[in-house]
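One structure below.
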Number of protein chains: 2
Amino acid sequence: MAKRKTVKKTVGDWANNHDHRVCIGDALVKAASLCGQRGARLTQIRRRVLELIWSSHRPIGAYSLLKVLKKERENAAPPTVYRALDFLLEQGLIHRIQSQNAFIGCADPNHQHYGMFLICTDCGNAVELEESKIDRLLNSSALSQGFVIESRTVEAAGLCPQCQIN
Amino acid sequence: MAKRKTVKKTVGDWANNHDHRVCIGDALVKAASLCGQRGARLTQIRRRVLELIWSSHRPIGAYSLLKVLKKERENAAPPTVYRALDFLLEQGLIHRIQSQNAFIGCADPNHQHYGMFLICTDCGNAVELEESKIDRLLNSSALSQGFVIESRTVEAAGLCPQCQIN
DNA sequence: TCATAAATGTTATATTATAACAATAATGAA
DNA sequence: TTCATTATTGTTATAATATAACATTTATGA
Ligand SMILES: [Zn+2]
Ligand SMILES: [Zn+2]
Ligand SMILES: [Zn+2]
Ligand SMILES: [Zn+2]
């Protein structure tokens, strides 16, 4: 890979003005590293699906992925994509956006986090919210009813800073 | 309708030991009243779909509803159900559970609320979380990135008090 | 090098949701 | 009441999302 400038892409960076190739590159490097550590096999298909998911900050659906894959691999079929997605989800490399039946890359697969997203209804971009306070409040609120949370889906739709201007 | 004891079904009541007919009855009465006020037509089909949704505290899918409806109305088809669901969603009489592609009755359709749910992975029951603090925290957390939330999906999966015992 | 397990290929089908147009029923104005 | 308008429901077809089941190939390590 050619040497590239390291631009920090912070969580909550809604700007279009970053070099998104850096996001993609970072994600793939991290994924390879994590899978290596874990003895999980980031095969060609899986890697390519991850790359396609990272091709934008918009969640992408399984059949959109399939459409692209088919151009490169004529025998790609739904299971091809869904198996790759299952693997990537298991490894925490992507998240599922329930409200869209779509998938998005996880920028920080190595950290504990909760899969909480802000999703712009205009440009479609989504960013992960790293806010442990929400998680704690949710937990304590549930506990006050005796309910123990194991996993959560938090998806807030609205307008990102960019799209409020336009 | 026969006179019945008014049993308060509080939010967060996970017990099986309430008379669920009361939940159903209350929901239908409230729905009729609200629709009346709004000039919205709670037709036979819509009312029946609402009743079926309220038949348990578990979210129920469109095609499960259809299966039941077909026994009573031989020309019921997917649009029959989805139109009723659309109406009930618009009126705030039901909520959609995104993580299950399923629907659940709203116990308090007249109040402002946020559609936040606790869903038991064991018994399948779901209750709506009335916790404005979570909503405020979510809003402020989003705002700190300049993001304005318009709607939210909060679905926490875990074990309800009953199912922790078993 | 061979047995095993993991990944992928392949075909079929299940599940969830909507499009499009026709027929009927409700509503209110003339 | 009658008629025009709109809302609701009927009907058929199909789109979109996801999984089952079994065959084949590839990777892995004993
Ligand atoms: Zn980027
Ligand atoms: Zn935007
Ligand atoms: Zn009940
Ligand atoms: Zn339970």
Side-chain angles (χ1 to χ4, degrees), chain A residues 31-32 35-53 58-91 93-104 124 153 155, chain B residues 31-32 35-53 58-91 93-104 124 153 155:
Chain A
C35 288
Q37 285 169 36
R38 294 171 182 169
R41 288 166 54 196
L42 188 64
T43 61
Q44 213 182 6
I45 296 178
R46 292 165 173 175
R47 193 190 131 96
R48 181 62 178 137
V49 168
L50 181 60
E51 188 179 26
L52 289 174
I53 290 173
R58 273 185 293 282
I60 183 171
Y63 281 77
S64 299
L65 292 167
L66 180 55
K67 202 173 168 185
V68 181
L69 266 192
K70 266 189 169 156
K71 292 177 190 163
E72 306 168 354
R73 179 179 280 268
E74 73 177 50
N75 46 12
T80 314
V81 173
Y82 280 102
R83 284 166 181 159
L85 291 172
D86 285 346
F87 172 85
L88 297 170
L89 285 168
E90 268 169 22
Q91 298 298 323
L93 298 170
I94 61 172
H95 291 284
R96 182 188 177 92
I97 302 295
Q98 301 282 8
S99 55
Q100 300 184 11
N101 293 327
F103 304 86
I104 190 163
T153 295
E155 295 168 15
Chain B
C35 289
Q37 284 168 38
R38 294 172 182 169
R41 288 166 54 197
L42 187 64
T43 61
Q44 213 180 8
I45 296 180
R46 292 165 174 176
R47 194 190 129 94
R48 181 62 177 134
V49 169
L50 181 59
E51 188 180 25
L52 289 174
I53 290 172
R58 275 185 290 282
I60 182 170
Y63 281 76
S64 298
L65 292 166
L66 179 54
K67 202 172 169 187
V68 180
L69 266 192
K70 266 190 168 155
K71 292 178 189 165
E72 308 167 353
R73 178 178 280 267
E74 74 177 51
N75 45 13
T80 314
V81 172
Y82 280 101
R83 285 165 181 160
L85 291 172
D86 285 346
F87 172 86
L88 296 170
L89 285 168
E90 268 170 22
Q91 297 299 322
L93 298 171
I94 62 172
H95 291 285
R96 183 188 176 90
I97 302 296
Q98 301 280 9
S99 54
Q100 300 185 8
N101 294 328
F103 303 86
I104 191 164
T153 295
E155 296 168 14

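Order of the sequence lines fixes the chain letters, A, B, ..., with proteins taken first and strands second; residue numbering starts at 1 for each chain. If you're wondering where the values come from, they're calculated on a predicted model, not measured in any experiment. No hydrogens, no waters, no symmetry mates; every other heavy atom, side chains included, goes into these values.
The distance between atom CZ of A:R96 and atom C1' of D:dT19, rounded to the nearest whole Å, is 12 Å. In this structure, B:I45 atom CD1 and D:dT11 atom P are separated by 11 Å, rounded to whole Å. Across the protein-nucleic acid pair, A:Q98 atom CD and D:dA16 atom P stand 20 Å apart, rounded to whole Å. Rounded to a whole Å, the CG atom of B:N75 is 8 Å from the C1' atom of D:dT9. Rounding to whole angstrom units, CD of residue A:Q44 and C1' of D:dT25 are separated by 15 Å. Look at CG on A:D86: it is 12 Å from P on C:dT8, rounded to the nearest Å. Rounded to an integer number of Å, the gap from A:L42 CG to C:dA7 P is 11 Å. Atom-to-atom, CD of B:E74 to P of D:dT12 comes out at 11 Å; the value is rounded to the nearest Å.
Across C:dG9, C:dA19, C:dT11, the shortest atom-to-atom separation from the side chain of A:T80 is found for C:dG9.
Within the structure, a side-chain polar atom (N or O) of B:R46 is placed less than 4.0 Å from OP1 or OP2 of D:dT9. Phosphate contact (OP1/OP2 of C:dT15, side-chain N/O of B:N101, threshold under 4.0 Å): absent. For D:dA18, one of the phosphate oxygens OP1 or OP2 lies less than 4.0 angstrom from a side-chain nitrogen or oxygen of A:Y82.
Proximity of B:F103 to B:L89: side-chain heavy atoms (C-beta onward) are separated by under 4.5 Å at one or more points. Considering only heavy atoms from C-beta on, B:Q44 comes within 4.5 Å of B:R73 through its side chain. Contact annotation: the side chain of B:V49 approaches that of B:L69 to within less than 4.5 Å [non-hydrogen atoms, C-beta and beyond].
When each of B:R41 and B:P78 is assigned the nucleotide of DNA chain C with its nearest heavy atom, B:P78 is the one assigned upstream, toward the 5' end. With the nearest nucleotide of DNA chain D identified for both A:P79 and A:G61, A:G61 has the one nearer the 5' end.
Using modelled atom types, one finds a donor on one side chain and an acceptor on the other under 3.5 Å when comparing B:R96 with B:Q98.
Residues forming a salt bridge (Lys or Arg N to Asp or Glu O under 4.0 Å) with A:E72 (at least two apart in sequence, or on another chain): A:R48.
If you check distances only, the side chain of A:R73 never reaches the base of C:dG9 with a donor-acceptor pair under 3.5 Å. Judged by atom type and distance alone, A:Y63 does not reach the base of D:dA15 through any side-chain donor-acceptor pair under 3.5 Å.
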